Amino acid sequence: MKMKAHVTTYLWVALLLGVSWLDAAKAQAEVINEPSPSVEAILKRLDNFQAELSDIKQSILSSGSLGVVSEAIAAELTPRRTLLSTQSAADSFQHVSSDGSARLSISSDTGVDVESVQFSGASIGISADTDLLSLGSGTLTVNGDITATGSCCGSSSTAFTPRGFYVKKDGHTTITNAAGTWETVAGFTTTNLVGGWDSGNLVMNTGVFTAPVAGYYYVSAAQRIDAHDPSSSYVRLIISINDSTSWLSVGGHSIVGNGWSSDFETIQASNIISLSASDTIRFKVQASGDTTYYLHMESHYSVFLMPT
């Protein structure tokens with residue numbers, strides 16, 4: 001009986017110190033001149049030691065001499081397999097924290113696969129595309145297209161960020177230039193404009209809007225031209241993409257020909273345009289035969305990124 005207690009003690013010391021329990025048991029048996037136990041015998045003996053472990057743990061915890069250290073030793077003696085266990089009601093695993101706060105951590109130097117989903121660092125994906133989702137502080141980046149079979153966007157106040165503007169001229173702009181010169185409409189404001197707004201992607205004083213993201217944009221302009229000689233020329237209004245003045249290939253075009261009934265007119269242009277991120281929008285005016293006219297402040301312009 002004393003011999004058995006010695007073997008038991010040495011076995012558990014070997015386990016706690018990280019030494020191979022099988023080699024330690026055999027070595028101890030040789031020291032005390034007992035035949036080396038078989039693996040089956042040792043495993044059976046280990047199954048019977050659970051109750052003895054509980055007694056050891058209780059004895060350590062009740063010892064006043066070890067203090068806080070006794071808690072740590074007792075934790076080591078608790079079988080770690082109880083931290084992750086199967087549930088009888090379903091085919092699932094449950095993690096029970098060893099101290100009430102420790103989280104379950106699963107990591108690998110190459111990544112973790114769960115079925116066909118791959119986790120690597122802050123990226124989630126599949127084998128063919130490992131970073132479909134990238135997680136950051138306060139940011140979720142989707143590196144691909146989103147396909148929905150039902151409603152996905154919720155209310156516009158929470159799921160859609162308006163991009164674009166609705167502005168007006170902040171005053172008259174007198175144009176004195178050679179006939180046929182293209183003029184970029186500039187000098188915008190939302191002041192005293194009911195419903196006026198700007199997402200921050202329009203430079204008011206230059207009139208240049210830069211698309212923040214790729215998408216379809218509704219663009220419109222209503223430009224009043226004053227002090228123009230309607231008998232000598234026509235006036236064009238274009239929606240210029242990336243500063244183009246080729247009216248055959250721009251985002252929208254309107255023309256008012258010779259023979260106006262007065263020296264002022266409002267010309268309009270609108271379109272739904274597909275833009276890439278960083279493409280620009282400008283509104284440009286050209287008078288074919290006039291060298292002096294002005295762009296009236298009674299003019300309005302808007303750009304709006306359409307939800308898709």
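Here the structure is a predicted model, which means the values were calculated and not measured.
In this structure, the side chains of Val235 and Gln286 stay at 4.5 Å or more apart for every pair of heavy atoms. Using a 4.5 Å heavy-atom cutoff, the side chains of Ile175 and Leu295 are in contact. Counting only heavy atoms from C-beta outward, the side chains of Thr291 and Thr176 never approach each other to under 4.5 Å. The shortest distance between side-chain heavy atoms of Val117 and Ile124 falls below 4.5 Å. Taking 4.5 Å as the limit, every side-chain heavy atom of Leu237 sits out of range of all side-chain heavy atoms of Gln268. Side-chain contact check for Arg282 versus Val185: every heavy-atom pair is 4.5 Å or farther apart. Residues Leu140 and Leu133 form a side-chain contact, since some pair of their non-hydrogen atoms from C-beta on lies under 4.5 Å apart. In this structure, the side chains of Val285 and Arg236 stay at 4.5 Å or more apart for every pair of heavy atoms.
With hydrogens and angles disregarded, a donor-acceptor distance shorter than 3.5 Å links the side chain of Thr181 to the backbone of Ala178. Distance alone, capped at 3.5 Å, is enough to place a donor-acceptor pair between the Lys169 side chain and the Ala186 backbone. Remark: side-chain polar atoms of Ser244 are not paired, donor with acceptor, to backbone N or O of Ile241 under 3.5 angstrom. Checked by atom type and distance alone, the side chain of Ser288 pairs as donor or acceptor with a backbone atom of Tyr234 at under 3.5 Å. Checked by atom type and distance alone, the side chain of Ser240 never pairs as donor or acceptor with a backbone atom of Thr245 at under 3.5 Å. Although no hydrogens or angles enter the test, the distance criterion places a donor-acceptor pair under 3.5 Å between the side chain of Asp99 and the main chain of Ser101. For His253 (side chain) and Ile238 (main-chain N/O), no donor-acceptor pair under 3.5 Å exists by modelled atom type.
Val213 and Ile281 fall within the same hydrophobic cluster, defined by Ile, Leu, Val, Met, Phe, Trp and Tyr side-chain heavy atoms under 4.5 Å apart, directly or through other members. Cluster annotation: Met204 is connected to Val303 through the hydrophobic network of ILVMFWY side chains, with a link wherever side-chain heavy atoms come within less than 4.5 Å. Cluster membership for Val114 and Leu132, using ILVMFWY side-chain heavy atoms within less than 4.5 angstrom, is not shared. The hydrophobic cluster containing Val256 also contains Ile225, counting ILVMFWY residues as joined when their side-chain heavy atoms lie under 4.5 angstrom apart, directly or transitively. Grouping the Ile, Leu, Val, Met, Phe, Trp and Tyr side chains by contacts below 4.5 angstrom, directly or via other members, places Val142 with Phe119.
Distance check: His300 NE2 to Leu193 CG gives 5.5 Å after rounding to the nearest 0.5 Å. Summarising the geometry, atom OG belonging to Ser274 is positioned 11.5 Å from atom CE belonging to Met306; distances are rounded to the nearest 0.5 Å. Within the model, atoms CG of Asp131 and OG of Ser120 stand 9.5 Å from one another, a figure rounded to the nearest 0.5 Å. Distance CG/Asn271 to OH/Tyr216: 12.0 Å, rounded to 0.5 Å.
Aromatic ring centroids of Phe188 and Tyr301 lie under 6.0 Å apart.
Using a 4.0 Å cut-off between charged side-chain N and carboxylate O, Asp226 and Arg224 make a salt bridge.
For the pair Asn201 and Asp198, the tightest heavy-atom approach, listed with the atom from each and the gap, is N-OD1, 3.8 Å. Considering all non-hydrogen atoms of both residues, Ser123 and Ser134 come closest at OG-OG, 4.0 Å. Contact record, Thr206 with Thr184: O-CG2, 3.9 Å, taken as the closest heavy-atom pair. Residues Asp290 and Ala227 approach most closely at OD2-O, 4.4 Å, considering heavy atoms. Looking at every heavy atom in both residues, Ser220 comes nearest to Ser302 through OG-OG, 2.7 Å. Pairing each heavy atom of Arg163 with each of Trp197, the nearest pair is C-CH2, 3.7 Å.
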Working for side-chain hydrogen bond (donor to acceptor under 3.5 Å, both in side chains), residues Gln118 and Thr130: CA-CA 7 Å; Gln118 296 188 353; Thr130 58; 5.5 Å; no
Working for side-chain hydrogen bond (donor to acceptor under 3.5 Å, both in side chains), residues Thr210 and Asp279: CA-CA 6 Å; Thr210 302; Asp279 280 350; over 6 Å; no
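Under a cut-off of 6.0 angstrom, the local environment of CG in Asn192 is sparse, with at most 12 non-hydrogen atoms contributed by other residues, nucleotides or ligands.
Tested against Phe209, the residues Phe283, Phe165, Phe304, Tyr166 include a single ring-ring contact (aromatic ring centres under 6.0 Å, His included) partner, Phe165.
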